[in-house]
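Notes follow the structure.
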Amino acid sequence: MALPTYASQLERTWHFIYLVICTLVFVFLIAPILVIVPLSFNAEPYFTYTDKMLSFDPEGYSLRWYDSLLTTGMQAHEAVRDAAWWSDLWHNADWVKAAKNSVIIGFWATILSTVLGTLAALGLARPEMPWRRTIMAILISPMIVPIIIVATGMFFFYSNPCAIVGMDCGRLTSTYTGVIMAHAALGIPFVIITVTATMSGFDQSLIRAAASLGANPRRTFFKVVMPLILPGVISGGLFAFVTSFDEVVAVLFIAGPDQQTIPREMWSGIREQISPAILAVATILVIISISLLTTVELLRRRSERLRGVSPR
Amino acid sequence: MSDVASQLTTADGRPLKAALASAQARAKRRAFFLVLPLLLFILITFAIPIGQMLQRSVYNDQFSKSTPALSEWFAANPKGTAPDETAYAALASDLLLMKETRAAGDAGTRINYVVSGTRSMFTKAARGADKLEPPYMETFLDLDKDWNDPRIWNAMRSAASPWTLDFYTIAFDMERDGDGKLTKVDPNQRVYFRLYIKTFFLAGVITAICLLLAFPIAHLLATLPMAKANLLMILVLLPFWTSLLVRTTSWIVLLQGQGVVNDILVALGIIGDDGRLQMIYNQTGTIIAMVHILLPFMVLPLYSVMRVIPESYTRAARSLGATSWTTFRRIYLPQTIPGIGAGVLLVFILAVGYYITPALVGGADGQLFSNMVQFHMTKANWSMAAALATMLLVGVLVLYWLYDRLIGIDKLKLG
Amino acid sequence: EDITIMSWGGSYAAAETEAYYKPFTEETGIGVVSVDADNPATPVKAQVDAGNVTTDVALFLISDAMRLCDEGQLMPIDASLLPDGADGTPAEEDFLEGTLSECMVPNDIYATAVAYDASQFAEGAAPSSIADFFDTEKFPGKRGVLKSPKVVLEMALMADGVPASEVYDVLDTDEGVDRAFAKLDTIKGDAIYWEAGAQPPQLLADGEVVMTMSYNGRIFNAAVNEGKPFEVLWDGQVYEWEGYVIPEGAPNAEAAMEYIKYATSSERSAKFSERISYGTPRKSAAPLVGNVFGTDIPMAPNLPTYPENMTNALASSAEFWVDRETELGERFNAWLLAN
Amino acid sequence: MVASNKAFVSFEHVQKSYDGETLVVKDLNLNLAKGEFLTMLGPSGSGKTTCLMMLAGFETATHGEIRLDGRPINQVPPHKRGIGMVFQNYALFPHMTVGENLSFPLEVRGMGKSEREEKIKRALDMVQMGAFANRRPAQMSGGQQQRIALARALVFDPKLVLMDEPLGALDKQLREHMQFEIKHLHESLGITVVYVTHDQGEALTMSDRVAVFNDGRIQQLAPPAELYERPQNSFVAGFIGENNKLPGVIEELNGDRAVVRLENGEKIDATAVNVKAKGEKTLVSIRPERVEFKPELIPEGSHTIDAEVLEIVYMGDILRTRMKVAGHDEFIVKCRNTIDQMRLEPGQRLRIGWNPLDARALDMI
Amino acid sequence: MVASNKAFVSFEHVQKSYDGETLVVKDLNLNLAKGEFLTMLGPSGSGKTTCLMMLAGFETATHGEIRLDGRPINQVPPHKRGIGMVFQNYALFPHMTVGENLSFPLEVRGMGKSEREEKIKRALDMVQMGAFANRRPAQMSGGQQQRIALARALVFDPKLVLMDEPLGALDKQLREHMQFEIKHLHESLGITVVYVTHDQGEALTMSDRVAVFNDGRIQQLAPPAELYERPQNSFVAGFIGENNKLPGVIEELNGDRAVVRLENGEKIDATAVNVKAKGEKTLVSIRPERVEFKPELIPEGSHTIDAEVLEIVYMGDILRTRMKVAGHDEFIVKCRNTIDQMRLEPGQRLRIGWNPLDARALDMI
Ligand SMILES: Nc1ncnc2c1ncn2[C@@H]1O[C@H](COP(=O)(O)OP(=O)(O)OP(=O)(O)O)[C@@H](O)[C@H]1O
Ligand SMILES: Nc1ncnc2c1ncn2[C@@H]1O[C@H](COP(=O)(O)OP(=O)(O)OP(=O)(O)O)[C@@H](O)[C@H]1O
Ligand SMILES: NCCCCNCCCN
Ligand SMILES: [Mg+2]
Ligand SMILES: [Mg+2]
């Protein structure tokens, strides 16, 4: 972004201002995340920088919130951390259970929305697709309906989904299936948007080439189409996963006690008891996010290499 | 074969269009079958639930399900008929039913939406329903002198049918007076419609700020070499991937009176210790936190559009004699419009629907319409919440429609 | 077989766990699944409306309990089945007057009171009455206000000189409502509103407010557990009782009843009060309340039911609020919105 | 149609419309013998790709029948037709190496590993790309990619190979080289090729027969020399090669001998091709290279005419001279650029001539 | 450098590197006179676009100086250079109509409405696109877009016009038509043109001078005829036009006369171009069209040699004959396709000859 030698004084000034603005916006974006990391080591149960913290007094810091992630919900907090303790942790510690649930629900919701979404995006990318706009609008709608409405509507419907045909087939609320379905629905717009964007850049003649070489449609899909749109699918899948992983309102309504997720725990953390434990969780998640982002970037570079797009 | 008339049929006389349609029908069906599973999935998991939810805004049988006698009386006597003894007798008989089915509270709640303070009249009367005796009119007026209030009878008439527009009346800050005419409610009770307007206005402000902040960084990301851009992109994506709750809390830590930002400003001597800025628990706080949360939704579509604008356009403009500013304004900016459109749509829609962040940092004047939906939801006023939700949805759909008309929904891109 | 109990979460549920759930499971073999909610009345109503009840026992505010009871969504509970008091008093007499209701067995009494950080005031210069909360001249600075008409309007009237006993009579008139809002107007510019119980202690700890309305238990927790110099002002507070209900259609209604009988016994109720500073509704339990759990601080003086704390306290009227909540809620929201 | 039954590929009354309103292919009839190299040549939008796509099975004919080896093709899905195809943009799978690209058609046919490897090696050697098996398409130049695309289309021994402007994107040097290689492969492997191009030079050099397309129809289907030397109509004459067109009127008509009166009144002899009557308007077409201007080379019996040199364009091997002839100032004469070539100068006046057999009286378009 | 001071455009020792590691332009020196039509010709990646971009101001030279009308260009922002530019991909603003595209450079110069309209009309008429003012770029074919790009680059009367492969995407017919139009505009408007192409035919036809680029350097800078007929090195000889190359060894060297011993032992006369000593290896280059095979046409004093006809390719106006000469079977001879042309047959043996001036002994690459 270096300016050429002939740039006028005005241009130089403006360019400088532009860079300053960009820097400030980046600081704005990242500041809240920077702030929570030290606070997660606060010795006190408040989201406040204490004097001790500011003077770097070791007493102002502690790992208690990280520890509480392990002990909240456990029968015996103080017990020796032996094998039995760790296995108990796996079954009883609230945050561990929540993390497990978040991963399970996020995983299946992502699979469901990514598989169905990718399939649909393939159809939407075909020139002969009928009613494209209407269908697109329907598929994107979970993103545009305020979540509170979605959650309530889902709660009532999921309470007895078969009621609509006058039957009773049990409920989806308080089940993993229910939460997963809800989250999959919320993630689908992201998959549709990213995968159709990828498909629009997809060279349709490759599909014809594969057919001309004797590959049937299924083989063509798995051997030719899928590997090439994979980056878009992965990126859509990540959006879907994050949507599920950060979703609290639908969980609030649909999940039962067995399906409490991380955001749900955080929610009661913020509403009901002050505890920087949620900051400890957030810090851990930030670290995971960075790793994930790095992975995505590496995947992207790989795919660019494959497609032969040289980096600019 | 080449003249226009014969082009309308194929050589064997079939209409060309029909021949073509049948040739293409299979391809269409095949494409549609790919979309079908998802369509069904969305229909079941999402569309039907939403539809049912919205139906509650016009359908409510809380009252009507326990008032067979009253319903009969209302059917037999046209609107405006003053309640006579038979009406009160019907009321008494329905109250007895309510006592048995323990439905008085439900029924009272339904009337209470329209005429405040009436719920206990129903629960009290139902509690002693087995002791109600003719002449009923007098008995009722003895119980509570308001039992002949025409507003209550109008409300009961309306509620005797499960289909109703009462909740929209309330949502538009209106009520029916004794004659059944629509009037505006008392100014200090007007809340929904004002908040509706305010919410769309605030969402607009948030969207505008997001656009202003996102544009330069999206541009920077789009023009930097890939490797650097992706590094900076992490700064955009990281907040995107951090829990909404955590970020909101974090803004409290940053912005409150004794918070990080104020502390820094005081330490730098920019403000005095007694001049600390009130940046949270008000509209400012809502705006800042929501801008932060929604900014990535603006950056990503802008970036994906800007990244593919060929440099040759700006070069061409410069070679044609345009200054860098003219080039930006006349050549670059117009080409980013699909990105601006997508970002604006996403941010606006998400902003309009938010309630958690305003609930936590909004204070008194930072609340949005969704908080009202939530308010009624927690009070289990489903119909009221549904009416408000429908209003919100209609607003959003109008925008969505506009976007589709102006830019096209298939242009929506994210990163 | 497990029962599902829905409650407030946080330290409240922690106290329940220690005082009730664990020993109950030990004694009966019935497991307890604990679920949190912002206010259990909302999900329970939704469950009953949807015909999909998964909650066996829920902890309700009395106002919610009465409301849902009237709507037939809670099971009536026969008080005569409840265990006698520790001193042998039959249950119906052992519970404080008027706390037993058709569908709810009371568990505790909490108060919403004004609290402050004592270290912020000179000796003897701390606020001492509810009127001080509304006196921005004497006590300049922000104050934390509950974002709800309930409690806030009552406090405003008391601060304006209405005796506790007359508050609801005044509030039942249009003039009274206007008067309450007029009083609120005086602190509008200095108010920081909160909704969740966790917020007031945070606001005090951050120094964001000089004083705040708060649930009394939160303040006490901060004082005892974290050594914060927070004090509760026992004047003009509004107290309310809350207790256990069984939703209509609860899957394990019998076990639920077993639990309620167990938990609302005098011994257990006293144990609960030792863990969180909410008063027991059982007369026979009051003398059993010992020290704050794990310390040698006596709990009784910190309870809303302690006689000396009750000199100018108001019992929240469930009857009033079931009728007026929607209307006053809208008015309150309109008031918030008007700047 | 008896012939079509024996033909390897046949189009019978094929029509195609994309939108139901206009026909982009109109009544196409074409028979292709085994081992033939047939080129479809025509301007952009004339329906060449559409025909190829119908044959490959990616578009359905709106009407008519296409047969492959006697079987109607409509019923066979593309991946079972055994047709090799080279796409205009190569369509190499970017995520596979060259070797994997070539292996793909063999794998789908369930061929064993050793057999595959042998065939791949043979195919790569054939296009002289044996060393590139492990490269990815992105790591190769356009010409190399093109050769791989060719190898991929041939590796599974298809009976028929379709090529859609396979050299369109290459520069001239590479293009000529590839033309040669394709032609060579066709001859040595004995495969049947349908080749699409809009470059007439390419069509003429490579094909056994050329089908000139315009407006959804075949304008002429003939071997290159016949096409060039005996175009059936003005479109073909104009499209193939450079062409001087002198408008005039038929003065006399006697079998295939005609006398044409040009606009300046001068009369010339010409061969009547598709003119029918005296008095008809006509365009007399004369190829630039058939015009002589060195007096000693003008053949006996040639018609000669006055000309004025207007411009000489240096084209390396050729000097392209624009002259004014019979009032027309776009008359082109080409002469080989050799050292002892007589040098012309702008402004110079001279007499030029041609064999009347080379002047062809065509329809007026 | 005295000359460059008077030159309209001059590059002096210009170097350019994008990555700081490799030079894509190495020591470029070039002077351009006012009104000249200079073409940069070279294979892909040889640095042509880079040079153009430096001149237009979109890239900065890493070293050296570029002057425009005597002024160092580094100090002048692009919009003040008055350089019209035609981009390879046209770069028409997609959100503007044709008229608005053309209006743009005039508006930024603050020109009044009526004057603008007049100029736009004139420019559009010039490229015969007068009727298209209200179309958008996406609604036009490639050739039409190209003409608009040209009109836009010329509408504001620039002193200098740069064109980067402006015809790369067009088919042959349209391409030849546009070449003619551009050349014509250049002559009638008297503008200076720097033209980039990788098509040698285009370069030869259009230019006053051609700079042949390879590997970041100008290999030869000369008028077309000189380039074609007197290439300085094997790269130029091979890149421009078709070329027969016979490897051999210098047997005798006498001024610019050399005797070369070919691989089969036969000795031929040649013109020494860049060979320096006896015994050196050399490539003798002979243009196909300079080879004669009709006995009566072989010039006096020509060297003759035995040849065997291998293949004849019909190219319309030309017959391209591949022969085996001195052990090499890629020897090409071109002859004009005329009715009375002597017809050769594969397998035929004959003697061919050329003027020794046309056999050029070049360096061995
Ligand atoms: N998928 C399609 N839908 C509608 N029209 C089409 C489609 N494909 C081609 N056409 C139209 O059909 C006509 C013939 O197109 P086709 O691609 O066969 O031409 P072509 O001869 O291959 O031209 P080119 O040399 O430009 O490739 C054109 O007018 C084109 O616009
Ligand atoms: N922006 C850039 N960054 C890095 N290298 C570049 C850049 N642009 C061009 N190059 C490299 O510089 C060399 C010269 O490129 P240039 O575009 O000038 O070639 P060209 O002669 O115009 O080729 P072509 O005929 O393919 O357009 C090439 O090797 C190319 O890869
Ligand atoms: N608006 C409802 C407030 C109820 C407060 N209950 C206090 C329980 C403390 N955990
Ligand atoms: Mg085509
Ligand atoms: Mg280039």
Region of [X] in contact with chain B, defined by heavy-atom distances below 4.5 Å:
| X | result |
| --- | --- |
| A/F47 | both |
| A/I21 | side chain |
| A/V248 | side chain |
| A/L112 | side chain |
| A/A182 | neither |
| A/A125 | neither |
| A/V150 | both |

Side chains of B/L254 and A/P32: does their closest heavy-atom pair fall under 4.5 Å?
yes
Go through the atoms of [X] and report whether side chain, backbone, both or neither lie under 4.5 Å from a heavy atom of chain A.
| X | value |
| --- | --- |
| B/I252 | neither |
| B/T249 | side chain |
| B/W325 | neither |
| B/V261 | neither |
| B/L360 | side chain |
| B/A389 | both |
| B/L295 | side chain |

In sequence, state the C-alpha distance, the side-chain angles, and the governing distance for B/F46 and A/M154, and then conclude on side-chain contact (heavy atoms from CB on, under 4.5 Å).
CA-CA 7 Å; B/F46 178 81; A/M154 282 178 168; 4.2 Å; yes
Within a reach of under 6.0 Å around CZ of B/F328, are more than 12 heavy atoms found that belong to other residues, nucleotides or ligands?
yes
I'd like to know whether the aromatic ring centres of A/F28 and B/W251 sit less than 6.0 Å apart in this structure.
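Yes; B/W251 has its ring centre under 6.0 Å from that of A/F28.
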What closest approach, in Å, do [X] and [Y] show between heavy atoms, and which atom pair accounts for it?
| X | Y | answer |
| --- | --- | --- |
| B/V35 | A/L124 | CG2-N, 4.1 Å |
| A/F156 | B/R56 | CD2-NH2, 3.2 Å |
| A/I33 | B/T242 | CD1-OG1, 3.6 Å |
| B/P37 | A/L116 | CB-CD2, 3.8 Å |
| A/I140 | B/Y400 | CB-OH, 4.0 Å |
| B/P239 | A/I30 | CD-CD1, 4.5 Å |

Measure the spacing between [atom1] of [X] and [atom2] of [Y] and express it to the nearest 0.5 Å.
| X | Y | atom1 | atom2 | result |
| --- | --- | --- | --- | --- |
| B/L213 | A/L24 | CG | CG | 9.5 Å |
| A/M143 | B/L345 | CE | CG | 7.0 Å |
| B/R405 | A/R133 | CZ | CZ | 8.5 Å |
| B/I42 | A/I135 | CD1 | CD1 | 12.0 Å |
| A/I290 | B/L238 | CD1 | CG | 5.0 Å |

Go through [options] and name the one with the most non-hydrogen pairs under 4.5 angstrom from chain B.
| options | answer |
| --- | --- |
| A/I188, A/L122, A/L54 | A/I188 |
| A/I147, A/I278, A/V249, A/L285 | A/V249 |
| A/P142, A/S289, A/S8 | A/P142 |
| A/I192, A/L29, A/L10 | A/L29 |

Most contacts with chain A, counted as non-hydrogen pairs under 4.5 angstrom, among [options]:
| options | result |
| --- | --- |
| B/L350, B/I356, B/L397, B/V352 | B/I356 |
| B/L232, B/V260, B/L392 | B/L232 |
| B/I50, B/L235, B/N230 | B/N230 |
| B/V373, B/I349, B/L245 | B/L245 |

Is the ring pair B/F32/A/W131 parallel, tilted or perpendicular, if the boundaries are 30 and 60 degrees?
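The arrangement is perpendicular - the two ring planes meet at more than 60°.
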Kindly determine whether B/L34 and A/R126 satisfy side-chain contact (heavy atoms from CB on, under 4.5 Å), including the steps that lead there.
CA-CA 10 Å; B/L34 286 171; A/R126 296 203 174 178; 4.0 Å; yes
In a check of side-chain contact (heavy atoms from CB on, under 4.5 Å) between B/V253 and each of A/T48, A/I36, A/L279, A/L39, which one passes?
A/L39
Is there a side-chain contact (heavy atoms from CB on, under 4.5 Å) between B/Q52 and A/I164? Walk through the geometry before answering.
CA-CA 10 Å; B/Q52 282 188 338; A/I164 195 163; 4.1 Å; yes
Does the pair A/F155 and B/M377 meet the rule for a side-chain contact (heavy atoms from CB on, under 4.5 Å), with working shown?
CA-CA 12 Å; A/F155 174 80; B/M377 218 61 132; over 6 Å; no
Okay, side chain of A/Y158, backbone of B/T45: is any donor-acceptor separation there less than 3.5 Å?
yes
